Asks: 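Handing you a structure now.
Ligands are counted one by one from 1 in listed order, and the atoms in each one are counted from 1 as well. In this text, all values refer to a predicted model and were calculated from it rather than measured experimentally.
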Amino acid sequence: MKISFDTKPQKTDAFVAFATEGGKLLEPGKWADKKTGGALKRAIEAEKFEAKKGQTLVVPGPQGLPHSHVIIVGLGKPEELKEKDFEKLGGTVVSILNGRKASSAEMAFRTDGAKIKNIDPRHAAARMATGALLSAYRFDKYLTKEPKEKKPTLKSLAFTVEDPAKVKKLFSEDQKVADAVYLVRDLVSEAPNVLYPESFATIIKKELSPLGVDVNILDARDIERKGMGALMAVGQGSAREPKLVSMEYRGAGKKDPTVCFVGKGVTFDTGGISIKPGPGMEEMKWDMAGAAAVTGLMKALAAREAKVNAVGVVALAENMPSGTACRPGDIVTTMSGQTVEILNTDAEGRLILCDALWYAQEEFEPTHIVDLATLTGAVIIALGHEYGGIFCNDSDFARDLIEAGKTVGEELWRMPLNDAWDKAIDSPAADMKNISGGRDAGSAIGAHFLKRFIQDGVKWAHLDIAGVAWANKDRVSVPKGASAFGVRLLDRYVAENWEK
Ligand code: BES
Ligand code: MN
Ligand code: ZN
């Protein structure tokens with residue numbers, strides 16, 4: 001979708017005006033009302049349109065204006081508006097316009113006179129554009145027979161604002177992050193016969209190398225040589241070999257500290273020999289959402305030339321049952337030297353991550369490390385689809401991540417760590433086992449397994465995103481489907497905590 005900013009109106013299909021609660025039109029709306037001989041005010045009265053936040057009123061074929069429709073968008077009480085609300089409004093407008101089959105629209109957002117407390121109208125307009133863009137995402141590459149009437153019609157949004165240069169500048173930063181969100185949604189939505197470790201690694205290289213990111217791909221032989229026995233074990237049942245990809249971006253000084261982001265990239269999780277039940281198994285194509293988010297985050301950081309030293313590491317494997325698959329009972333040696341008894345081959349995320357975490361720490365010596373993983377079904381039982389779970393060994397670090405999530409609408413909820421759950425993975429046969437054997441605190445057990453691979457002094461956060469990686473219904477800025485949860489959150493976290 002094309003988005004532009006100007007002071008003067010452009011020639012468009014539809015005209016979008018804004019009104020505050022009680023149906024008070026902002027300046028461009030007043031102008032349009034005059035042009036139509038008062039038709040807008042009459043429509044507002046006739047429909048008893050209150051202009052509450054998010055309410056819309058459509059006036060078709062207004063006389064005196066060249067537009068197919070005038071759409072009046074309610075802002076509610078100005079003093080209650082938050083910047084985040086504008087993102088939602090942007091998305092609302094897109095769906096109304098598509099519903100009316102408009103191909104273009106003028107977004108007349110000039111606030112002259114009307115006071116919108118605490119809100120910079122330039123930020124509001126940029127945020128509205130971001131919301132419009134994010135809500136317009138679709139994964140339709142395989143819909144070869146979709147009738148034209150079902151395709152979205154909206155191709156462009158032309159904002160009229162007071163300070164277009166500034167709004168454009170603000171939006172151009174957001175747009176880079178939105179581009180990364182689109183990439184992540186494409187990756188997560190992609191079919192598992194098309195996206196597998198090798199093809200995933202190729203896409204990472206193609207997307208990130210041109211932005212100056214140093215992409216390094218380890219293949220099965222390298223993984224074996226490095227001693228990553230747990231990652232190997234998960235990958236060995238598949239005809240498609242595992243990969244480990246690092247993405248090194250140096251936007252700060254040589255001596256500045258490094259932050260690492262590590263992602264779970266199981267391109268398909270059958271459960272392996274501990275095979276999952278058939279119904280719903282297709283959902284496990286998105287068991288690589290953590291790795292996709294890390295990829296997207298690195299793309300966003302590099303594209304906007306963030307002043308940070310950041311490294312992404314993703315472990316990519318396909319968890320399949322076969323004659324070469326690992327078995328329950330197998331004992332493997334991880335890159336850290338610690339041994340693991342694999343008692344359930346479906347608890348594979350922690351196995352690939354433990355080697356990726358260790359590799360990231362040995363290779364890049366980060367002070368902070370965040371891992372993202374669709375790790376446990378248990379986190380969905382605990383937090384549903386409203387929050388990602390965060391397990392963290394440092395309260396300030398946890399707070400900073402949670403705060404960043406709030407501003408972008410990707411919310412995290414802190415979960416506890418406890419020595420009792422660490423003990424629960426002791427094994428009589430190896431240094432640890434990959435499950436506790438019970439049903440208690442399933443997400444925390446997974447977190448404690450990972451914690452055993454965090455080196456002394458490293459600040460670490462584990463985000464269990466199993467409940468939020470895929471939206472089962474349309475949400476603010478997130479159409480049903482792959483959400484790209486984590487990209488905007490971590491981009492914000494970096495902007496607020498590493499670039500200032
Ligand atoms: N990928 C799954 C977790 C998952 C479940 C993600 C549902 C999204 C939706 C993970 O690999 C898994 O299978 N976890 C097991 C762990 C168990 C065997 C300890 C689970 O949650 O059942
Ligand atoms: Mn699994
Ligand atoms: Zn999994």
Side-chain angles (χ1 to χ4, degrees), residues 188-189 192 195-197 200 230-231 233-238 242 262-293 314-321 325-330 340-356 371-389 391 415 421 424-425 427 432-450 462-472 481-486:
V188 175
S189 308
L195 194 84
Y196 46 89
F200 196 160
L231 172 55
V234 173
Q236 77 191 34
S238 169
V262 176
K264 170 180 173 182
V266 174
T267 58
F268 194 75
D269 181 13
T270 63
I273 296 298
S274 315
I275 199 160
K276 287 181 182 294
M281 199 199 275
E282 69 284 354
E283 291 193 350
M284 286 301 115
K285 74 171 183 181
W286 49 262
D287 209 17
M288 35 56 74
V314 293
L316 309 177
E318 188 180 49
N319 189 21
M320 297 291 268
C326 66
R327 296 146 286 250
D330 282 4
V340 177
E341 184 183 20
I342 301 176
L343 289 183
N344 188 321
T345 65
D346 197 12
E348 84 298 340
R350 60 201 73 180
L351 295 173
I352 70 171
L353 281 174
C354 74
D355 278 332
D371 75 72
L372 293 102
T374 47
L375 204 72
T376 64
V379 81
I380 312 176
I381 305 298
L383 300 174
H385 305 285
E386 310 305 321
Y387 298 90
F391 294 87
M415 307 279 281
W421 297 323
I425 51 173
S427 156
M432 70 196 87
K433 49 191 180 183
N434 75 331
I435 55 166
S436 68
R439 281 158 45 91
D440 295 0
S443 301
I445 296 289
H448 274 282
F449 183 93
L450 299 177
H462 158 58
L463 312 189
D464 193 334
I465 59 170
V468 289
W470 190 271
N472 296 318
S483 66
F485 186 102

Asks: With respect to N344, determine whether any N or O atom, backbone or side chain, lies less than 3.5 Å from an N or O atom of ligand 1.
Replies: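 By distance alone, the answer is no.
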
Asks: Does any N or O in the side chain of H385 come within less than 3.5 Å of the main-chain N or O of G467, such that one atom is a donor and the other an acceptor?
Replies: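 Such a contact is found between H385 side chain and G467 backbone.
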
Asks: Looking only at non-hydrogen atoms, find the nearest pair between M320 and A325 and report the distance.
Replies: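 Looking at all heavy atoms of both residues, the shortest contact is O-CB, 3.5 Å.
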
Asks: Could you tell me, atom by atom, which parts of ligand 1 come under 4.0 Å of a heavy atom of A466?
Replies: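 So the answer, numbered in order with elements, is 6 (C), 8 (C).
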
Asks: Do you know which two heavy atoms are closest between C326 and I273, and how far apart they sit?
Replies: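 Between these two residues, the closest heavy atoms are O-CG1, 3.4 Å.
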
Asks: For the backbone of D287 and the side chain of D269, can you confirm whether one donor and one acceptor N or O come within less than 3.5 Å of each other?
Replies: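 No, D269 side chain to D287 backbone: no donor-acceptor pair under 3.5 Å.
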
Asks: Taking the minimum heavy-atom distance to atom 20 (C) of ligand 1, which of G377, G290, G280 ranks first?
Replies: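 Among G377, G290, G280, the closest heavy atom to atom 20 (C) of ligand 1 comes from G377.
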
Asks: Kindly indicate, with the supporting measurements, whether the criterion side chain to side chain contact (heavy atoms under 4.5 Å, CB included) is fulfilled by F200 and M288.
Replies: CA-CA 10 Å; F200 196 160; M288 35 56 74; 3.9 Å; yes

Asks: Between I435 and ligand 1, find which residue part has any heavy-atom pair under 4.0 Å and reply side chain, backbone, both or neither.
Replies: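 Contact part for I435 vs ligand 1: side chain (C-beta onward).
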
Asks: Under 4.0 Å from any heavy atom of T374, which atoms of ligand 1 are there?
Replies: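 In order of number, 1 (N), 2 (C), 3 (C), 6 (C).
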
Asks: For the backbone of G271 and the side chain of T345, can you confirm whether one donor and one acceptor N or O come within less than 3.5 Å of each other?
Replies: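 Checking the backbone N and O of G271 against the side chain of T345, a donor-acceptor pair under 3.5 Å is found.
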
Asks: Among all protein heavy atoms in this structure, tell me which lies nearest to atom 7 (C) of ligand 1, with the distance rounded to 0.1 Å.
Replies: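 Sorting protein heavy atoms by distance from atom 7 (C) of ligand 1 puts M284 CE, 3.7 Å first.
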
Asks: For A291 versus L316, what's the shortest heavy-atom pair and its separation?
Replies: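 Answer, listing the atom of A291 first, then L316: CB-CD2, 4.0 Å.
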
Asks: State, yes or no, whether a side-chain contact exists between P242 and V234 at a heavy-atom distance under 4.5 Å.
Replies: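 A side-chain contact under 4.5 Å is absent here.
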
Asks: Please confirm if an N, O or S atom belonging to D346, backbone or side chain, lies less than 2.8 Å from the Zn ion (ligand 3).
Replies: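 So D346 does not bind the Zn ion (ligand 3) by this criterion.
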
Asks: How close does the nearest protein non-hydrogen atom get to atom 12 (C) of ligand 1, and which residue and atom is it?
Replies: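 Answer for atom 12 (C) of ligand 1: D346 O, 3.3 Å.
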
Asks: Please determine if the Mn ion (ligand 2) has an N/O/S atom from E348 lying under 2.8 Å away.
Replies: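 Here the distance criterion (N, O or S atom, under 2.8 Å) is met by E348, so yes.
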
Asks: For ligand 1, is any non-hydrogen atom under 4.0 Å from K264's backbone (N, CA, C, O), its side chain (CB onward), both, or neither?
Replies: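 The answer is the side chain of K264.
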
Asks: How large, to 10°, is the angle at the Zn ion (ligand 3) when you draw lines to NZ on K264 and to OE2 on E348?
Replies: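 With the Zn ion (ligand 3) as the vertex, NZ (K264) and OE2 (E348) sit 90° apart.
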
Asks: Looking only at N, O or S atoms, which one in D269 sits nearest to the Zn ion (ligand 3)?
Replies: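 Result: OD2.
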
Asks: Regarding ligand 1, does W286 bring an N or O atom to under 3.5 Å of one of the ligand's N or O atoms?
Replies: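 The answer is no, given that W286 and ligand 1 share no N or O pair closer than 3.5 Å.
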
Asks: Among E348, R350, E283, whose heavy atom sits nearest atom 11 (O) of ligand 1?
Replies: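 Selected option, by shortest heavy-atom distance: E348.
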
Asks: Of all the N, O or S atoms in D287, which one sits nearest to the Zn ion (ligand 3)?
Replies: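 Restricting D287 to its N, O and S atoms, the minimum distance to the Zn ion (ligand 3) goes to OD2.
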
Asks: In terms of residue, atom name and distance, what is the protein heavy atom nearest to atom 17 (C) of ligand 1?
Replies: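 Result: A347 CB, 4.4 Å.
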
Asks: Just by distance, do the side chain of N434 and the backbone of A347 share a donor-acceptor pair under 3.5 Å?
Replies: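 Present.
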
Asks: Looking at atom 14 (N) of ligand 1, is any protein heavy atom nearer than 4.0 Å to it?
Replies: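 True for atom 14 (N) of ligand 1.
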
Asks: Taking both backbone and side-chain atoms of D287, is any N or O found less than 3.5 Å from an N or O belonging to ligand 1?
Replies: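 Min N/O separation from ligand 1 is below 3.5 Å for D287.
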
Asks: To 10 degrees, how wide is the angle OD1 (D346) to the Mn ion (ligand 2) to OD2 (D269)?
Replies: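 Output for this angle: 100°, rounded to tens.
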
Asks: Can you tell which part of K276 has a heavy atom less than 4.0 Å from ligand 1: side chain, backbone, both or neither?
Replies: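 Side chain only.
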
Asks: What residue among I380, V379, L372, T374 forms side-chain contact (heavy atoms from CB on, under 4.5 Å) with D464?
Replies: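 Single pass found, and it is V379.
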
Asks: Note the single closest protein heavy atom to atom 10 (C) of ligand 1, along with its residue, its atom name and the distance in Å.
Replies: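 Closest protein heavy atom to atom 10 (C) of ligand 1: L375 O, 3.3 Å.
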
Asks: Given I352, D269, T270, identify the one with the heavy atom nearest to atom 2 (C) of ligand 1.
Replies: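 Result: the heavy atom closest to atom 2 (C) of ligand 1 is in D269.
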
Asks: Tell me if a side-chain donor or acceptor on N319 pairs with a main-chain N or O of D346 at a distance below 3.5 Å.
Replies: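 Checked: no pair found.
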
Asks: Would you call D371 and K264 a salt bridge, taking side-chain N to carboxylate O under 4.0 Å as the test?
Replies: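 No, no charged N to carboxylate O under 4.0 Å.
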
Asks: From L351 CG over to N344 CG, what is the distance, rounded to the nearest 0.5 angstrom?
Replies: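 Here the interatomic distance stands at 9.5 Å.
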
Asks: With a 4.0 Å cut-off on heavy atoms, is I380 in contact with ligand 1?
Replies: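 The answer is yes: ligand 1 sits under 4.0 Å from a heavy atom of I380.
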
Asks: So, S436 side chain and I425 main chain: donor-acceptor pair closer than 3.5 Å or not?
Replies: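 No; judged by distance alone, with no hydrogens or angles, the pair does not exist.
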
